[in-house]
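To keep things clear, I will list the structure first and then write my remarks on it.
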Amino acid sequence: MNGKEATIGGAVKLGGNPLNLNMRVEEGIAQLLAGGRTALSVADAHIRPGQMGFFADPGKTMYAKFLRMEPIERDDSQTRLAQKFVDDPLMVGWANPKGEWIPASTNRGTVFWHRGEFFDDVEMDVTVGAIASLSGTLSALLTQSADTPDAGYRIDLTLNGGELQSVDLFRNDSPMKLDLGKPLPTVTPSSQLRLVKRGGAIAAKVDGNLLFSRSDGTPIVAHRLGMISRGFGLDVARIHARSEYLADFTFANAPVEWWQGRGEWKVTARWPCQKDWSWFGGTDEVAPILWSKHTYPGDVVAEFYCGVKMSLPKEPGYSNPGDLNITLCSDGKDLSSGYSFIFAGWGNSRTAILRGAKIVSETDAFRLVQPHSQNFSYHRHWYYVRVERIQGVVRFFIDGRLALQYEDPQPLAGGRLAFWSFHSGMMLARVRIWSDGTVDSDPFTLGGTPSASRDLQPNPNNTSTEKGFEDSTDGALPLWEGEVALSVDKTLKREGKSSLRVQNASTGGTMGVLIHAQPFDATQFPALRFFYRIPPEVYVNLYALVDGYYHAFVLTGDPKPGADVKVAGAVPGGRGDGEWHEAEVKLLEALRSLYPGRESFLVERLLVGNLSRSDYRQAGFGANGWGTAYHIDGFRLVGVKSNGSAG
């Protein structure tokens, strides 16, 4: 510095080949980042802007693939929100900046705690005009938790009639020596106070003028940010806290950092009678799923404000209220690969945390109360849901109350995040994600993107009662457009030269295939036979559509498929073991047993899939995951012989 070489920071060992390095220099702080994480930070009041260069030790070679030098650009703007949301009293929690701060009583008085969990760098701007009187002390806290306000750092700024009298920094309530310039800068109502923490370096500025910068050789791990004012009022709506590891989404712009896994995600009206009140939401699917494109490799906290999309006119307004769900630490393919937080699930009967497909904590104390359109405390309410995975502790908060907690002895690695529902529509007003780092990840290549927007019509030209799937799918169709990928598989077959392969194009869903889409009379074709090869991870039954109702013949799926499906019987010897088996179903006999005395039965279609809503397998839990597949071969309807028997 000043023309002379000086070491201002200790050595740090870096690994990785190649290594992504970034050096950031501001007045008062120099910071080295490796792979997006702080490797070294040093505070020095003499650091000034200047030229930058790269060098290696004598005799060693440095290879740089990409070098870039650019000015630091800071986004000081607030998150974009419609003004009518900001002013609405029902939306203060998520739309108004005041909602970011929670008052709490402590031994130091009332502390306004920020909702966030700041894992690394943090900056905070305070508009002095937010202070009603310019005499008193303003304290900024960066602590280990809201329960221990003295366990961390505290910066005290004391003002008297607008004059800055003193600036003090404390570590665990003990003062740290500061080298303050004299005189202290003048503070006016238009002044901006800026407090910065980068790694182990802390600095404070007024209108861009450095007050102090200070390094801590053994920095405290402190994630929570708080503000205290003594002697004057404080408008917390004019305090702006931010971090490079905070992602804030109001979906006012195109959701380019998310991708649609299932269903249709778009800006849509929450209430049909008020179409101008619209937000981002997922609908039109058995399990609408929205995946993050980013991966969060370490600790992560996510909060979101959500509601159920109204699906029926007037009262009751909601056909299936519940399932406002989120998954953390997943692989981005299957929800059952991470921690899933289910709010008002299983028909609004309970709330739970799942690790993988297993429930590890549950309660019936958190449900949607009177979820109908005449109960305005539900109908207009935005539920505030917060989930955390910090080390091995997993916590689930609903409307500010701890609902469930689980301590995982073998914590899952970080991963992608997903929002999802189950046979319901989910509205998202705002999403915030705090993490200790993010990774840009490429989206997966999908075999097809399920939309479930319409039921495919059968092919009227295919009336064959025998399907060998030798050179084509023989008229078989996905139950829903794009939900499964159908192909002819010549490597796995039971007879002939190929079989029909049905592969899930996403996770969950019905995995349904219309195996015979043409109506037929069961008195003319009283039985059917086919070969099947179903692995243990696939969960499907055979269904016959008669009189507008599906009738289930249990194969490897749910033996109680639900109120909207009638159980007609079972496929004899149905097994999901990944081996070829032959099935024979006496269709007419089963239907006559259900409807004694009836003479004829028009079977409108036959399909294989999972229509059960009794569990979360249609969301991919426990079975029918991403890319799973099963095979069918040698399908035939068995006609009546001249003597009246099937053959």
Side-chain angles (χ1 to χ4, degrees), residues 26-29 43-49 72-78 96-98 100-101 103 106 108-114 116 118 121-143 149 152-171 173 175-198 201-216 222 224-243:
E26 294 182 276
E27 286 188 340
I29 297 178
D44 192 295
H46 301 289
I47 296 175
R48 293 291 184 268
I72 295 173
E73 295 184 357
R74 180 182 288 106
D75 182 9
D76 294 331
S77 62
Q78 297 282 352
N96 194 298
K98 291 181 180 179
E100 297 181 10
W101 301 89
T106 71
R108 294 191 174 276
T110 299
V111 178
F112 288 89
W113 292 106
H114 196 281
F118 296 94
D121 300 346
V122 60
E123 294 183 5
M124 182 170 61
D125 285 335
V126 182
T127 302
V128 174
I131 302 170
S133 168
L134 297 182
S135 295
T137 301
L138 178 71
S139 298
L141 308 178
L142 190 60
T143 70
Y153 301 102
R154 185 178 87 248
I155 302 173
D156 286 350
L157 302 172
T158 302
L159 299 97
N160 184 11
E163 294 294 328
L164 189 57
Q165 298 292 303
S166 63
V167 180
D168 298 287
L169 174 64
F170 297 85
R171 184 186 192 278
D173 209 24
M176 300 180 72
K177 184 178 179 181
L178 297 179
D179 182 15
L180 295 174
K182 296 291 184 179
L184 294 175
T186 301
V187 177
T188 69
S190 62
S191 291
Q192 289 283 327
L193 305 177
R194 173 164 292 165
L195 308 176
V196 180
K197 178 183 179 296
R198 298 194 180 282
I202 301 173
K205 303 177 184 179
V206 173
D207 295 331
N209 298 311
L210 185 67
L211 290 176
F212 72 83
S213 62
R214 180 68 158 83
S215 293
D216 189 352
R224 297 302 306 276
L225 186 63
M227 297 295 295
I228 307 175
S229 64
R230 290 181 292 275
F232 49 77
L234 186 63
D235 183 3
V236 293
R238 300 177 72 179
I239 303 175
H240 183 28
R242 60 184 174 273
S243 171

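All residue numbers refer to positions in the sequence shown, counting from 1.
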Practice item. Work out which heavy atom in Asn160 is nearest to a heavy atom in Gln165; give both atom names and the distance. Key: CB-CG, 3.6 Å

Review point. Between Ala237 and Pro97, which heavy-atom pair has the shortest distance, and what is it?
Key: O-CB, 3.5 Å

Check your understanding: Should Val196 and Ile29 count as side-chain neighbours, where that means a heavy-atom distance under 4.5 Å?
Key -> yes

**Study point:** Validation row: Val122, Leu225 side chains within 4.5 angstrom (heavy atoms)
**Key:** yes

**Study point:** Sub-4.5 Å side-chain heavy-atom contact between Ser139 and Arg230
**Key:** yes

Practice item. Report yes or no: do Asp121 and Ser243 form a side-chain donor-acceptor pair below 3.5 Å? Key: no

Revision key, fill the gap. Shortest non-hydrogen pair, Leu195 vs Ala140, comes out as CD1-CB, 3.2 Å

Study note, to complete from the structure: On a heavy-atom basis, the closest approach of Ser191 and Asp207 is OG-OD2, 2.9 Å

Practice item. Please report the shortest heavy-atom distance between Leu164 and Pro185, naming the atom on each side. Key: CB-O, 3.9 Å

Check your understanding: Side chains of Arg154 and Thr143: donor-acceptor distance under 3.5 Å anywhere?
Key -> no

Check your understanding: Can you find a pair of side-chain heavy atoms, one from Trp113 and one from Leu141, that are under 4.5 Å apart?
Key -> yes

Revision key, fill the gap. Exactly one of Val126, Asp125, Thr127 clears side-chain contact (heavy atoms from CB on, under 4.5 Å) with Ile239, and that residue is Val126

Exercise for review: Evaluate side chain to side chain contact (heavy atoms under 4.5 Å, CB included) for Leu211 paired with Val206, printing each intermediate quantity in order.
Suggested key: CA-CA 7 Å; Leu211 290 176; Val206 173; 3.6 Å; yes

Exercise for review: Could you tell me whether the side chains of Asp156 and Thr137 share a donor-acceptor contact shorter than 3.5 Å?
Suggested key: no

Exercise for review: Would you check, one step at a time, whether the test side chain to side chain contact (heavy atoms under 4.5 Å, CB included) holds for Thr110 with Ile228?
Suggested key: CA-CA 7 Å; Thr110 299; Ile228 307 175; over 6 Å; no

Check your understanding: Is there a side-chain contact between Ser229 and Phe112, using heavy atoms and a 4.5 Å cut-off?
Key -> no

Review point. Is there a donor-acceptor pair closer than 3.5 Å between any side-chain N or O of Arg214 and the backbone N or O of Leu178?
Key: no

Exercise for review: Begin from the C-alpha positions of Ile155 and Phe212 and carry the test side chain to side chain contact (heavy atoms under 4.5 Å, CB included) through to its verdict.
Suggested key: CA-CA 11 Å; Ile155 302 173; Phe212 72 83; 4.1 Å; yes

Practice item. Compare every heavy atom of Asp216 with every heavy atom of Tyr153, then report the nearest pair and how far apart it is. Key: OH-OD2, 2.6 Å

Check your understanding: Looking at Met227, Lys197, His114, which one forms a side-chain contact (heavy atoms from CB on, under 4.5 Å) with Met124?
Key -> Met227

Point to revise | salt bridge (Lys or Arg N to Asp or Glu O under 4.0 Å) between Glu123 and Arg198, worked out | key: CA-CA 9 Å; Glu123 294 183 5; Arg198 298 194 180 282; 2.3 Å; yes

